[in-house]
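Counting starts at 1 for both ligands and their atoms, following the listed order.
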Amino acid sequence: MRRPGTDENNVQMSDVMCDFCRREWTDTRHMVEGHQGSCICSECLTVSFRILAIEKRATAPADSKCTLCLENRPAPLWASTHHPEAIACLRCVKQSAAVLQKDPDYNWRKPE
Ligand SMILES: [Zn+2]
Ligand SMILES: [Zn+2]
């Protein structure tokens, strides 16, 4: 998400906030973008990946809409602990994890 009042022609790192924890994009907190400016940070990705892909648990009702792809998929969904209206589907979490892990600058690894 963008910080309210962000100049779309001149977006700064601090204007980009994770939809799931509302913290800013920094050199150590990486962001993966979803649709319409939605973002998930590396820390939330670690948490959601662990819950959805490893523990195979869902923490959001099955009929919720994913904040990242804006779709209502029949997939396990994760709701942010701090902002439960922010929801991520397994597919987005896996895709975002693959994107982040591929980037050599980030040194992020999927949780085991
Ligand atoms: Zn986050
Ligand atoms: Zn999704």
Has Cys18 got an N, O or S atom lying less than 2.8 Å from the Zn ion (ligand 1)? yes

Test side-chain contact (heavy atoms from CB on, under 4.5 Å), reference Trp25, set Val11, Asp15, Val16, output is Val16

If you stand at the Zn ion (ligand 1) and look out to SG of Cys41 and SG of Cys21, what angle do those two lines make, to 10°? 110°

In terms of side-chain geometry, is the basic nitrogen of Glu71 or Arg91 positioned less than 4.0 Å from the acidic oxygen of its partner? no

Determine, using the 4.5 Å side-chain heavy-atom cutoff (strictly less than), whether Leu45 and Met13 are members of one ILVMFWY cluster. no

Which of Arg2, Arg29, Arg3 passes salt bridge (Lys or Arg N to Asp or Glu O under 4.0 Å) with Glu24? Answer is Arg3

To the nearest 10 degrees, how large is the angle at the Zn ion (ligand 2) between Cys89 SG and Cys66 SG? 120°

